[in-house]
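Reviewing the structure listed below.
Here the structure is a predicted model, which is why all the values come from computation and not from measurement.
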Amino acid sequence: MRAFLTRAIGFLLALGLPVLGQSLVVPKEVQAGRSMVLEGRDLPEGRFPMVLEGPEGQETLEVEAQKGRFQLELHPKVPGEYRIRLSLPAGALEARFIALAPATPELTREGLKLPWGLLPLPPGGWLGPLVQGDKVYVAQGLLVVETSAKEKTFSFYFAPARILALRPGPEALLEGDWVLPIPFPRVPFEGKEEDLKVLGSLLEALNPPKPWPYYAYWTLDPTTLTPEDLEAYGQDLLARGHRPELFFGQPGVARMAEASRLLQEKDPEKALLLAKALLRYTPLFPGSLAFFQGTAQYLEAQGHPAQALTFFEAGKILRTWLPPRLSLLPMALWTLGLAYLGLMLYLLLYYLPAQLKDLRPIGGYLGGFWRHPLLRLRHLHLAYASLGERVWALALFLALSLGFLLQGLDAQVRKELFAPPLDQGTLRTQKAQDWLRTLPPTPEVKALLGYALLSEAPKEAQGLLREASLPFALALRGDEASLAQAYRQAPLEGPIRTALQLGQDPWGAREPGPTLRTLYLALLQVELVRLQEDPFRRFMQLDTPLPERLRPWVFAGFWLLLLYHLLTFLLPRRRTPVPPAWGLLVRVLVPGSLGFSSGLGLALLLFAAYGLLALLKGQGPSFLILAYGLHLLLLVLGLRRHS
C-alpha cells in the first residue's frame, strides 16, 4: 500500500500538478452579465500569472497571493464555458465554470419571474414584460409596474386611460389610439369607472407609495381620506389642467359629496373636511349648489356662522358660473301659446259676421276656396284686423316660435354640456380637443380650442385666442391692452382681478379660462349656426317633447303660419262693419280686447292666460279673476266714454 501511494504522488508531480491543498474555488454556474468571485486558497506568497479562456477569447491576468489567499472579481459577459489556468512554481491550477444566458423575465401565475427572484403580482390580465436594458415593465389597467432585472427595486406609473399594450421606448398604447411615454406626463384622466375598479384592487394589493394621481384617490372610500390625501388630490387636479369653473360629472366626486352628507352626524370634522375639498377643487357637480347650501345650513345650526358664511358666499359666485336658468321658459311658452290662440280666436270670431257677409257672393266661407281661390285669399280673417292687431298677432307667433326653438336648443346644449367630454372639469383632455375641432369654427369655439391647446401648443393657441373677444381669451393674450379690455367686460372674474392685482376669489390665483356659462353660450351659438346651415335636419334633431312623427308637420306648419301672417300685411283692410251686439259679446269674453291695437290689451291677455294656467295647476283663480276684473272695468269705462 505504501508503495502504491509513493508511485501516485510521483505520478502527480510528474504531471506538474500542484501539491495537495492548493485550489481555485469558483461557482459551477454563473449568470452572464453578472459579477462572480474567484478565490485561491493555500497558495505560496507572491504574484502569479493567470489565463482566462472563454467564448470571447483568451485574457491574461495577474493575481497576488497574500497569506496563501487571493480573491478576484470576474465579469463573464457572454454565455458559454470558461477555463481558468493559474501558473504556480509547483505547477498549474485549473478551474472551470459555465456562464448561463441571462434569464428572460417571464409572467407566471405567481407573478413576474426575474433573475433575482419572483415579483408577486395580483391576478389579472397583465401585459408584458417589456425589457428595456436593466428595466422590466408590466402593466394592467391603469397601472405600470417597473422593476430591475438586477435588483429588487420598484416604481409605479399611473396611466390616464386603460393600457392596451407596452412598446419599446418605453411607451404605452392607451385606449383611443393614444400613445404616451413612460413615465406618463401629467395629463387629465380619460378612463372609465370600470378602469378605476381594477385600479382599486391593484392599489390594495401592491400599495404603491403616495402621493397618487387624483383619480387614484377615487378608488378609496372617501371616509378614509386624510387631509394629506385631499391636499395631494386637489393639487394634482390643478396640475393636470382642471378648473373649478367647469363641470365635474365623475362618480368619484359624487361619492365624496354623499360621504360628506352621511358623516355630518357621525363625524362632523371629516364631513367638513370633504365639503371644503369639494368646494375648493371641484365645486360644480350634480347637485353641488344644494349640497353647499345644505352644508352651510348645517354649520349654522351647529353654531359655526363664519364657516357657514363661507359656503353661502361661495354659492353666490358659483351661480354666476352656471348656465342661465330657464326654468320659467315652459310656463312662458304655455302663456304665449294660450295668448296667441286667444288673440287669433278673438280676431276670427269678432270679424266673422263681416267676413261671412263679404264671402257670400263668391261661394261662402269654405266654398270660396274652390270657386274663387285667389279672391278668397283677400278675405282672410286677418285682412279685417287693424294694423296693430296684425302686428301683435305676428309678434306673439314669433315669440312663441322663438321660445320653443330656444327650449329645444337649450336642452340640446345642456345635454352636451353635462356629458363627455365636457363633464371632466377640463378642456385639456384629448377627447375634448378632438371634439372642439369638429364644431363649426366660430370665434368662440376657436377661443375655447386655443385655451385647450395653450399648454401643449402655445403658438397655435395664441393665434386661436386672437379670433375672439371673450374675456378669458383677451386676458390670455398677454398684453396690457387686452387685459384691461377683459376687465372692462368681466370686472368680477377672479383670474382677471388676480392678473391686475385687484384681489382674487376663494379659488386662488389661476390662469384665466372659460366658465361653464361661457361654454353654454358658445355651444348655443354653435347650434344656431348648425340650424342656419340645415334648418330641417337640425329641427328634427332638437331635444323637444314633440313626437318624431309630428316634427315634420310642425316644421311645415310654422312656415305656413309665418307665410300667412306676412301675407296679411299685403292685404288691404276690409271695412265691412261688425254688428254691435256681436262685437260687444266677443269683447266681453276675451280679456284685453279693447286695447289689442295699442298693445295694452295684449298685456292683459297674457296676464289672463297666465291666470288660466295657474288655475289649471291648482294655484287658485286669483290671477284669472283679477285679469277679468280689470278687463270688465276697462270695458265699462270704454262704453261710458263712447256713450
Side-chain angles (χ1 to χ4, degrees), residues 141-142 158-163 174-178 180 184-200 212-219 222 230 232-258 277-288 291 318 321-323 413-439 445 447-456 461 472 507 510-520 522-523 526:
L142 302 173
F158 295 81
R162 185 164 61 90
I163 302 168
L174 308 182
E175 193 172 30
D177 292 332
W178 194 14
L180 288 180
F184 299 106
R186 298 181 80 175
V187 295
F189 175 62
E190 299 192 47
K192 303 174 183 175
E193 186 68 12
E194 306 85 72
D195 301 327
L196 293 177
K197 292 179 181 178
V198 175
L199 178 62
W212 298 337
Y214 67 89
Y215 49 89
Y217 291 100
W218 287 337
T219 66
L230 292 172
Y233 164 80
Q235 293 305 314
D236 190 66
L237 266 170
L238 300 178
R240 293 174 186 263
H242 291 271
R243 294 188 60 86
E245 297 94 338
L246 298 178
F247 182 70
F248 292 81
Q250 299 93 335
V253 178
R255 284 195 293 268
M256 291 176 65
E258 185 61 26
L278 288 166
L279 181 62
R280 183 179 178 187
Y281 302 118
T282 57
L284 295 179
F285 56 88
S288 60
F291 168 77
L318 294 181
W321 294 348
L322 292 172
V413 170
R414 288 177 191 269
K415 187 167 65 175
E416 295 177 350
L417 199 62
F418 299 110
L422 299 184
D423 65 342
Q424 303 299 302
T426 179
L427 294 181
R428 291 180 175 168
T429 63
Q430 190 63 44
K431 293 177 182 177
Q433 294 172 16
D434 294 341
W435 181 78
L436 286 171
R437 294 182 191 276
T438 66
L439 301 180
V445 170
L448 294 174
L449 182 58
Y451 167 77
L453 296 173
L454 194 59
S455 58
E456 60 183 66
F472 81 88
W507 289 269
R510 58 197 184 280
E511 68 175 2
T515 64
L516 195 60
R517 177 169 294 195
T518 306
L519 269 177
Y520 171 84
L523 293 180
V526 165

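- Contact between A452 and L436 at its shortest, heavy atoms only, is CB-CD1, 4.2 Å.
- Note: F189 and W218 have perpendicular aromatic rings, judged against thresholds of 30 and 60 degrees for the angle between ring planes.
- When ring centroids are compared, F247 and F418 come within the 6.0 Å threshold.
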Q.
side-chain contact (heavy atoms from CB on, under 4.5 Å), that's the test. Do L519 and L246 meet it? Break it down for me.
A. CA-CA 9 Å; L519 269 177; L246 298 178; 3.8 Å; yes
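- Expressed to the nearest 0.5 Å, how far OG1 of T515 lies from CG of L318 amounts to 11.5 Å.
- T426 contributes a side-chain N or O that, together with a main-chain N or O of G241, makes up a donor-acceptor pair within less than 3.5 Å.
- When side chains are defined from C-beta on, R240 counts as touching D236, because their heavy atoms get closer than 4.5 Å.
- Ring orientation note: the planes of Y217 and W212 are tilted relative to one another, at an angle of 30° to 60°.
- To the nearest 0.5 angstrom, L439 atom CG is 9.0 Å from L449 atom CG.
- Between the E245 side chain and the G513 main chain, no donor and acceptor come within less than 3.5 Å of each other.
- Side-chain contact between Q430 and D177 is absent, with no heavy atoms from C-beta onward closer than 4.5 Å.
- Put simply, the side chain of E194 does not reach to within 4.5 Å of the side chain of R162, judged on heavy atoms.
- Taken from OH in Y451 to CZ in R243, the straight-line distance is 4.0 Å, to the nearest 0.5 Å.
- Side-chain N or O atoms of W507 include one that pairs as donor or acceptor with a backbone N or O of L279 at under 3.5 Å.
- Side-chain contact between P514 and L427 is present, with heavy atoms from C-beta onward closer than 4.5 Å.
- To the nearest 0.5 angstrom, L238 atom CG is 7.5 Å from R280 atom CZ.
- Checked by atom type and distance alone, the side chain of S288 pairs as donor or acceptor with a backbone atom of P283 at under 3.5 Å.
- When all heavy atoms of P160 and P188 are compared, the pair lying nearest together is CB-O, 3.4 Å.
- In terms of heavy atoms, P323 sits closest to L417 at CG-CD2, 3.6 Å.
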Q) Run the side-chain contact (heavy atoms from CB on, under 4.5 Å) check on Q433 and L453 step by step: do they pass? A) CA-CA 8 Å; Q433 294 172 16; L453 296 173; 3.4 Å; yes
Q | Criterion side-chain contact (heavy atoms from CB on, under 4.5 Å) on L196 and L142, from CA distance to verdict | A | CA-CA 8 Å; L196 293 177; L142 302 173; 4.1 Å; yes
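- The two atoms that bring L180 and P185 nearest to each other are CD2-CG, 4.0 Å, heavy atoms only.
- A 4.5 Å side-chain heavy-atom check between F248 and L237 finds at least one atom pair inside the cut-off.
- Using a 4.5 Å heavy-atom threshold, the side chains of F291 and L278 count as touching.
- Taken to the nearest 0.5 Å, the CG atom of L523 stands 7.5 Å off from the CG atom of L448.
- With a 4.5 Å cut-off on side-chain heavy atoms, P213 and Y233 do not count as touching.
- Rounded to the nearest 0.5 Å, atoms CZ (R186) and OH (Y214) are 11.0 Å apart.
- At distances below 3.5 Å, not a single donor-acceptor pair connects side-chain atoms of Q424 with backbone N or O atoms of E190.
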Q: Check the pair R414, Y520 against side-chain contact (heavy atoms from CB on, under 4.5 Å), reporting the backbone distance first and the verdict last.
A: CA-CA 7 Å; R414 288 177 191 269; Y520 171 84; 4.2 Å; yes
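- Within the structure, every pair that satisfies the salt bridge (Lys or Arg N to Asp or Glu O under 4.0 Å) test and touches residues 421-431, not counting sequence neighbours, is listed here: R428-E511.
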